[in-house]
Amino acid sequence: MKKNIILLGPPGAGKGTQGQLLSKKLNIPFISSGDALREEINQKSAIGEKVDSFIKKGALVPDYVIEEFIAAVLNKYDLSRGFILDGFPRTIHQADFLNNYLKDINAKVDAVIYISLPEEEIVKRISGRRVCKQCGAVYNIYFNPPKHDMKCDRCGGELVQRPDDKKEVVEHRIKVYKQETKPLIDYYNNHHLLYEVQGQGILQDVTERVEKVLNDRT
Ligand code: AMP
């Protein structure tokens with residue numbers, strides 16, 4: 001089974017949700033650049049202060065900043081049994097950077113799962129997204145609601161909407177995705193690493209599609 005995995009796709013496609021599930025199942029780290037940055041902002045660290053305005057606007061953090069940051073994050077993990085990356089890379093420059101980082105630790109990407117979603121779905125999904133303030137678990141009030149009103153099933157934490165999930169910011173994030181991140185589809189396709197999975201439908205169906213792709217011996 002492929003275990004060095006990148007999740008690619010538009011905002012709201014379900015990368016975080018699928019990544020967290022897969023991480024538990026395969027017992028390999030799930031590393032989300034967005035979660036790691038938000039953690040820095042919550043802690044009011046120097047890097048958090050540096051990236052806050054970019055995230056608020058729905059813009060990308062500059063490559064040189066995120067690359068240095070993500071290298072420090074990755075260094076904290078044991079990646080030898082595999083990993084799931086969500087939100088990094090987001091530009092071709094970052095993808096090249098990741099290749100070099102992995103080469104240095106004798107690893108490489110096995111599969112890039114591109115979770116695709118039509119644009120009208122993206123906006124709908126994001127408007128329903130709620131995140132646990134405490135543990136980061138992701139819910140959707142329409143598609144994957146918590147069992148108890150606005151409380152996390154996992155830890156009981158409060159569920160909130162991400163500030164950058166508001167409509168005006170989301171539109172900008174989608175534009176940035178199309179300009180900067182979509183070219184990675186061709187990039188990884190050319191490297192024969194890309195596997196497209198339809199992100200529509202219920203969570204469990206998408207999980208099954210993802211697992212099928214990872215299990216296929218292609
Ligand atoms: P996400 O949670 O992946 O949607 O990321 C939230 C925000 O964090 C993005 O809109 C960017 O501002 C920033 N961010 C996360 N990952 C990256 C990255 N790889 N490159 C640049 N900015 C990023």
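Start at 1 with the first residue, then count along the sequence. Whatever order the structure lists ligands and atoms in, that order sets their numbers, starting from 1.
Heavy atoms of K57 come nearer than 4.0 angstrom to ligand 1 in no pair at all.
Closest heavy-atom approach to atom 22 (N) of ligand 1 among the candidates V61, L7, V169: V61. Of the options R38, R173, R162, the smallest heavy-atom separation from atom 10 (O) of ligand 1 is shown by R173.
Residue contacts with ligand 1 for I55 involve both N, CA, C or O and side-chain atoms from C-beta outward (heavy atoms, distance under 4.0 Å). Contacts between P11 and ligand 1 below 4.0 angstrom, taking non-hydrogen atoms only, are absent altogether. With a 4.0 Å cut-off on non-hydrogen atoms, H93 does not touch ligand 1 at all.
Scanning all heavy atoms of the two residues, the minimum distance from Y77 to F30 falls at OH-O, 4.3 Å.
Each of the atoms 19 (N) of ligand 1 lies under 4.0 Å from some heavy atom of F88.
Looking at R125, its side chain never comes within 3.5 Å of a backbone N or O of I122 through a donor-acceptor pair. Here the side chain of S23 pairs a donor or acceptor atom with the backbone of I28 at under 3.5 angstrom. In this structure, the side chain of E168 does not engage the main chain of K57 through any donor-acceptor pair within 3.5 Å.
The protein atom (non-hydrogen) at minimum distance from atom 15 (C) of ligand 1 is R90 NH1, 3.3 Å. Counting only heavy atoms of the protein, atom 12 (O) of ligand 1 lies nearest to A59 O, 2.6 Å. Here the heavy atom of the protein found nearest to atom 14 (N) of ligand 1 is L37 CD1, 3.6 Å. Among all protein heavy atoms, the one lying closest to atom 16 (N) of ligand 1 is S33 OG, 2.8 Å.
Ion pairing between K108 and D110 holds under the 4.0 Å rule for side-chain N and carboxylate O.
Residues I70 and Y101 are not in side-chain contact: their nearest non-hydrogen atoms beyond the backbone lie 4.5 Å or more apart.
No more than 12 heavy atoms of other residues, nucleotides or ligands lie within 6.0 Å of CG in D149, so this atom counts as exposed by the packing criterion.
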